[in-house]
Amino acid sequence: MKGILKIAFKLLVNDKGKFAALLVGITFAVFLMNMMTSMFAGILSKSSATVINVGAKVWVMDPAVNTVQSSIPMPDYILDAVRSINGVRYAVPLYSGGSLVKLANGTYQSATILGLDDASLLGRPQLIQGNIADIYSENAFIVVKDSEFPKLGNPKLGTEFELNDHRGVIVGIAKVTTSGLFGVPTLYTTYSRAIQYIPSTRYTISYILVEPKSASAVAYIKRQVKALGYEALTKDEFMKKIAHFYMFQTGLGTNVFLMTIISFIVGLSISGQTFYTFILENLERFGALKAIGARGRQLIYMILFQAGFTAMIGYGLGIGLSSFVIAMAKLRISSYAAIVTYKNLAFAFLMVLVIAGISSYIGIRKVIRIEPFDIFRG
Amino acid sequence: MAEPAVRASGLVKWFGEADTKTYAVRGVSFEAYFGEMLYIEGPSGSGKTTLLSMISGILRPNAGSVIVEDKDIWSLGPDQLADFRLNKVGFVFQDYHLFPRLTTLENVAIPLILKKLGWDEAMDKAMEYLEAVGLKDRAQLPPVKLSGGEQQRVAIARAIAGRPDILIFDEPTASLDGDTGRRIVDFVKKNILNEKRFILIVTHDNRIFEYADRIMRMEDGTIMGVEKTGK
Ligand SMILES: Nc1ncnc2c1ncn2[C@@H]1O[C@H](COP(=O)(O)OP(=O)(O)O)[C@@H](O)[C@H]1O
Ligand SMILES: [Mg+2]
């Protein structure tokens, strides 16, 4: 068996033009599919940045909320009601909103403002400079050093700015796991300062962050919150809800999905077509092998090997190329939203297998049917 | 005389259906013996290649049988039929049908690889056969770099590499000049034919008739007569 595969290998690889064309087709398809799905994975992960960074186990919100940014303020009594639910260890408010920041040089920059519960500071970020206790000092804000950080003019401890005619001063620099999708920097402050500085509607609580007494209490909490007319979601559920929104309720998901399908089809047609031509041009060889005494199964193995080998090389090249491009793009544009996940890799692999499968099926059908006699009659 | 190497009886082959139905072979029977060089001679279109293909297990006849070692090869299943072609028959095709993307040596080794010899062993053996046809120094070249006569010898080396009992040549001299053609058939007769082998040559090249033991004349799908020549 090994010898026959070596022959198959030589027939394939020594036909340099065809082999190159086959590789280009598959590489191109894998490249596009991986770019698309990685971009989407990156966008999804970024769209849940606040949920990931704040890290609360359970989030209470208005049922109509689709994304973290589109929070719908809740009245204060809900906070009390949630606190009194059996199974809630503690519950604190979170303010999440946006505001324009006037920098020292006079320019305006919009920013996400997160207001943490004054007592517990639940969801506080990890500081790389400054002291968290300084958040209680006058006009204090903590800035997140993510890819949007430079938009605030690379502030240092003590850097001042204005926020709706209120003075603001940087008392800490934080790092977070995931930076946001919308390209705006993030500032943390206390809940009370946030609602004082930023004009708001009658209600001011964007989210209620809940720490359950135990994991088993979550279901009960969810039911009780639902009875209040609100929705309690675990961190994962909230992230899923956000992902679901971007996937199915915005053009984004549909477009990425379409592009992925298109790259698959383009790759399939290029590779399928080229492989078919390769088989047709080698039909005489397969016919000769048949006449010399190759069994049908041996010819099938040869074709599967040729298709599979090309697919694997093309997959490697495509993944390598797209990962390289993503890495380069991230070097230049630090907020570039693309992450290569194992799911993406597995998906592209599966698609490549489908391409190889369809191509070999067409080739095998052709080769099994040839009559060597028709070729030799001359 | 000994048991025949091949016994063909009542072979019929037609192509097409109804209006387009044409008979290529219309009931051919003959016996061939080991140690014999049998020719089939006849004009183009008389059914020679069709007949060869039925005898070598490549083309299924519409009627008749081909008995080799007491078995009708056309009663075998597809895998056994493939094994018959691999182990019993060496076919030198009219246009050689060498693999342009393989070296000359690898071309000769194909039957050995199909017989599941290890790669190196197959190459070593193939080299012996290349040497036997005097082309050892061409081993690593692609066949297209060889002359017509050399390619013919490569095809012969490949056909004999599987150590077949039955060797079949379809118009071996058709694309060679007279001298080269004669030299090749002379070589085959002296070096490749032996008591355990039967060689069937299809030709209408009268320059090589002198090497035949018997010549069957074929016309319009039937054998018109058999002529004993030479010894
Ligand atoms: N696949 C085919 N379809 C239709 N007719 C065929 C086919 N193969 C051979 N024939 C016909 O059968 C006859 C014999 O062909 P062939 O055996 O090739 O003759 P030869 O080898 O003696 O020149 C010819 O008339 C040819 O046209
Ligand atoms: Mg012919």
Side-chain angles (χ1 to χ4, degrees), chain A residues 1-22 274-275 277-303 305-306 309-310 363-365 367-378, chain B residues 13 15 24 44 48-50 52-54 56-60 77-103 106-107 109-123 142 155 158-159 161-162 164 170-171 174-175:
Chain A
M1 182 46 63
K2 269 190 355 232
I4 194 89
L5 296 186
K6 201 160 171 179
I7 295 284
F9 174 80
K10 284 174 182 249
L11 290 180
L12 174 71
V13 175
N14 291 352
D15 192 349
K16 293 191 184 70
K18 279 268 145 33
F19 185 54
L22 277 171
T274 317
F275 195 67
T277 324
F278 170 78
I279 294 289
L280 282 188
E281 279 180 18
N282 280 284
L283 217 49
E284 191 187 314
R285 259 101 255 167
F286 286 109
L289 284 172
K290 226 178 192 180
I292 292 170
R295 290 180 170 200
R297 203 174 313 119
Q298 287 176 304
L299 298 180
I300 292 176
Y301 287 147
M302 287 178 78
I303 293 174
F305 177 78
Q306 288 171 334
F309 177 78
T310 317
I364 287 169
R365 259 173 55 122
V367 166
I368 288 302
R369 285 182 185 176
I370 40 161
E371 279 284 358
F373 174 73
D374 291 331
I375 293 166
F376 304 134
R377 207 161 53 91
Chain B
K13 184 72 194 179
F15 295 102
S44 181
K48 306 181 299 292
T49 299
T50 309
L52 286 193
S53 305
M54 293 190 289
S56 54
I58 287 176
L59 181 69
R60 184 172 290 275
D79 282 351
Q80 287 111 303
L81 197 59
D83 291 351
F84 166 77
R85 294 197 291 259
L86 181 60
N87 297 314
K88 299 285 176 209
V89 185
F91 203 127
V92 180
F93 311 112
Q94 183 167 349
D95 305 322
Y96 318 146
H97 290 279
L98 299 173
F99 290 50
R101 312 256 178 229
L102 302 179
T103 65
E106 287 160 355
N107 264 282
I110 283 178
L112 302 167
I113 286 164
L114 288 177
K115 286 185 172 199
K116 302 194 169 73
L117 263 70
W119 186 267
D120 292 342
E121 198 188 347
M123 291 307 144
R158 183 175 68 182
D170 195 359
E171 315 244 7
S175 41

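Proteins get letters first, then strands, A, B, ... in listed order; numbering begins at 1 in each.
- Ranked by heavy-atom pairs under 4.5 Å with chain B, the list A:E284, A:R295, A:E371, A:K290 is led by A:R295.
- Among A:P372, A:A294, A:A288, the residue making the largest number of heavy-atom pairs under 4.5 Å with chain B is A:A294.
- Only the side chain of B:R158 comes within contact range of chain A, with at least one heavy atom under 4.5 Å from a heavy atom of that chain.
- Relative orientation of the B:F93 and B:F91 rings is parallel, given thresholds of 30° and 60° on the angle between their planes.
- Taking the salt bridge (Lys or Arg N to Asp or Glu O under 4.0 Å) definition, one finds that A:K18 meets it with A:E281, sequence neighbours left out.
- Cation-pi contact between B:K13 and B:F15: present, with separation from the ring centre below 6.0 Å and deviation from the ring axis of at most 45°.
- Across B:I110, B:D83, B:V89, the residue that shares the most heavy-atom pairs under 4.5 angstrom with chain A is B:D83.
- Remark: B:A174 pairs with B:Q94, B:E171 by the side-chain contact (heavy atoms from CB on, under 4.5 Å) rule, at least two apart or across chains.
- When all heavy atoms of B:I113 and A:I4 are compared, the pair lying nearest together is CG2-N, 3.5 Å.
- For chain A, the nearby parts of B:T50 are the backbone and the side chain; heavy atoms of each come within less than 4.5 Å.
- For A:L289, the parts sitting under 4.5 Å from any heavy atom of chain B are the backbone and the side chain alike.
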